[in-house]
Amino acid sequence: MNSQLIIGIDAGTSVVKAVAFTIGGEQVATASVRNSYQTGLDGSATQSLSQTWSDCVRAIKGLSEKIERFKERVIALSVTGQGDGTWLIDEAGQPVGDAWLWLDGRASSTVDFLNKVATERQRFEQTGTGLNTCQQGVQMAHMAKHYPELLQQASTAFHCKDWLFFNLTGQRATDPSEASFTFGDFRTREYSESVIESLGLSQYRTLLPSIIDGSKQTFPLTLEAAELAGLQAGIPVSLAYVDMVMTALGAGVHTGEDNVACSVIGSTGVHMRSVADKDVYLNQAGTGYVITLPVDGRVTQVQTNMASALNLDWLLNVAADLLKDFDCECTSYSLVDRVERWLKQAEAGQLLYHPYISDAGERGPFVNGQARAGFTGLTYRHRFPDLVRAVVEGLGMAMRDCYEAMGGTATELRLSGGAVRSPTLRQILGASVNAKVRVSAREEAGAAGAAMMAAVAIGLYPTMDDCIKEWVVPLLGDGEVPDQALAAKYERLFEAFYDQRQSFPSTWATMEHIKTM
């Protein structure tokens, strides 16, 4: 029993990972394959379905090279992946073109149109989710108007993890989380015909696959997939929930306490609170997500920054490119280790930075495809460390903005993501929301969350709460109390951040117009 393994697959935007865990939750090994996608000047961001499946297989086989008796030890498999987006296949199971990713910004005009539909507030109150260019519902509505041939050729509309699950099991399905926040009701965890009608997609209703809960139901690995991946045919495969909520689950968003928040500081910023579905706070702006947890009656309220650590990547790339001009060979990755020192060198709260660096604009806690990043308060004396500090403080302000839109901040903030290894960055984020910080020692939280789904589904644990007690709680670190002087300074900084953010849309619109002249 001690040698048995569960594989969690996390097909993210940057990499496809396969991670092996013991049945008690210990991480044994990981293998990853760099993901690739294409972007266009029209705002498109697309990814090959066949290449994604090939990369998934490569990641699993990479594990087999690291683990002895891999094939006989793996007893279950579970898959999660990047959320939103549209992955179309035809009747024969073949891709209909490349997938539209969550990064794709082509549907911004459709967001504007759908937000003016009379039934929009009703749709929002059922899904708990505001419209943005990332979502499959919006993208399909845009396709129906501008690319109808795509939907006409399609038989099923998948998300990323659904496509991989189809290749592993032959089953056309999606999970309750993506189904309900896109096309359904988070209270029933089922499709809603009125939501589908509000999106103008009633005629394409047949493209939506059946909904299965991967913590309760599995399907056997097909012989073809088993031979490709080097696994035993017939082992149970679980379709996990979307990667945002799987990462949150693995990082500790739901452990039974109240007033706990969880933020994942990756390329994007994902900010979540676990609440009872009857206690969901639906803001007047109609933004954010409500994503079901694999726990009865519990959901995550979510606000997501389109770009989080991506802002820091941008600044480090600027520095790396400049150094290359002077024949100093370095990359943004080689500069990461200097970030902590730069953060300490700069004084807190001297600059204001709005972290909307993504070409697709922003989706949380407001939706604006024209949103752009910028510094305020620069003087001649400011230097590179000041810019680094301002960018990180901007991430903290954006996080605070998201939690305010969910009904307020929390007393404890649990952090996950590579960036939170920096002590000063954690201090900045904790002070930004004035909450105690705890960091999960779980290295691969998304894959762990997926593997937990399989562990419960095959009966290793009676409930998800029982699994959480063994897989999650022991890995939460000690609390880091926020610096109250810094928190007071950031309280004032946030007031300026919020006021300025509200005044920006006209400027962004003007800049967008100038670009097209």
Side-chain angles (χ1 to χ4, degrees), residues 1-11 16-32 53 56-57 59-64 66-81 161-171 173-177 212-243 245-247 249-250 293-295 442-472:
M1 286 286 289
N2 291 335
S3 68
Q4 292 179 324
L5 300 174
I6 299 174
I7 306 302
I9 298 168
D10 185 358
V16 179
K17 296 177 183 176
V19 187
F21 301 91
T22 66
I23 59 175
E26 179 184 352
Q27 183 172 312
V28 175
T30 182
S32 63
W53 166 236
C56 177
V57 170
I60 297 171
K61 294 184 75 172
L63 273 185
S64 69
K66 299 180 178 183
I67 299 173
E68 294 183 358
R69 299 183 298 108
F70 178 75
K71 182 175 182 178
E72 59 196 82
R73 293 173 63 188
V74 176
I75 62 168
L77 186 70
S78 185
V79 58
T80 187
K161 61 177 172 37
D162 307 335
W163 161 246
L164 297 178
F165 184 74
F166 172 71
N167 282 276
L168 292 165
T169 67
Q171 299 294 318
T174 193
D175 78 289
S177 67
I212 62 172
D213 189 330
S215 67
K216 299 175 182 178
Q217 186 178 13
T218 64
F219 289 84
L221 183 68
T222 66
L223 178 60
E224 180 183 3
E227 290 177 344
L228 285 172
L231 294 166
Q232 295 184 72
I235 63 170
V237 182
S238 168
L239 175 59
Y241 287 20
V242 66
D243 65 346
V245 79
M246 290 295 90
T247 300
L249 187 72
L293 278 165
V295 179
R442 175 65 74 190
E443 294 179 22
E444 300 293 348
M452 291 166 66
M453 297 283 290
V456 174
I458 65 175
L460 294 178
Y461 297 91
T463 68
M464 184 58 72
D465 284 328
D466 293 302
C467 188
I468 288 168
K469 290 176 184 176
E470 190 165 341
W471 281 59
V472 177

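The side-chain heavy atoms of V472 and L249, taken from C-beta on, include no pair separated by under 4.5 Å. A 4.5 Å side-chain heavy-atom check between V57 and I60 finds every atom pair outside the cut-off.
Summarising the geometry of W471 relative to M452, their closest heavy-atom pair is CE3-CG, 3.4 Å, with the distance given to 0.1 Å. For K161 against D175, the heavy-atom pair with the smallest separation is NZ-OD1, 2.6 Å. L63 and A20 get closest at one heavy-atom pair: CD1-N, 3.9 Å. Taking every heavy atom of both residues into account, V16 and C56 meet most closely at CG1-CA, 3.9 Å. Shown here for A457 and T218, the closest heavy-atom pair between the two residues is CB-CG2, 3.6 Å. Annotation for P294 and S215: closest pair CB-OG, 4.2 Å, computed over non-hydrogen atoms.
Screening V79, D213, L239, I6 for a side chain to side chain contact (heavy atoms under 4.5 Å, CB included) involving M453 leaves a single residue, D213.
When atom types are taken as modelled, the side chain of K61 and the backbone of G230 share no donor-acceptor pair closer than 3.5 angstrom. Although no hydrogens or angles enter the test, the distance criterion places a donor-acceptor pair under 3.5 Å between the side chain of R73 and the main chain of E68. T80 contributes a side-chain N or O that, together with a main-chain N or O of Y241, makes up a donor-acceptor pair within less than 3.5 Å.
For the atom pair CD of E444 and CD of Q27, the computed distance is 5.5 Å after rounding to the nearest 0.5 Å. In this structure, OG1 in T169 is found 8.5 Å from CG in L221, a value given to the nearest 0.5 Å. Note: Q171 CD to D162 CG = 12.5 Å, rounded to the nearest 0.5 Å. Q232 contributes atom CD, which lies 12.0 Å from atom CG of L223 (distance to the nearest 0.5 angstrom). In this structure, OG1 in T174 is found 14.5 Å from CH2 in W163, a value given to the nearest 0.5 Å. Distance check, rounded to the nearest 0.5 Å: CG of N167 to CG of L228 gives 9.0 Å.
When the ring-ring contact (aromatic ring centres under 6.0 Å, His included) test is applied to F166, the partners found at least two apart in sequence or on another chain are F158.
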Worksheet item: How far apart are the C-alpha atoms of I75 and I23, what are their side-chain angles, what is the distance that settles it, and do they pass the side chain to side chain contact (heavy atoms under 4.5 Å, CB included) test?
Response: CA-CA 9 Å; I75 62 168; I23 59 175; 3.9 Å; yes
Discussion item. Run L164 and W53 through side chain to side chain contact (heavy atoms under 4.5 Å, CB included) and show every step you take.
Written reply: CA-CA 6 Å; L164 297 178; W53 166 236; 4.0 Å; yes
Worksheet item: What's the verdict on side chain to side chain contact (heavy atoms under 4.5 Å, CB included) for D243 and D10, showing C-alpha distance, side-chain angles and the deciding distance?
Response: CA-CA 7 Å; D243 65 346; D10 185 358; 3.9 Å; yes
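Ring geometry for F165 versus F219: interplanar angle over 60°, hence perpendicular rather than tilted (30 to 60°).
Counting heavy atoms of neighbouring residues, nucleotides and ligands inside a 6.0 Å radius, atom CD of E443 does not exceed 12 of them.
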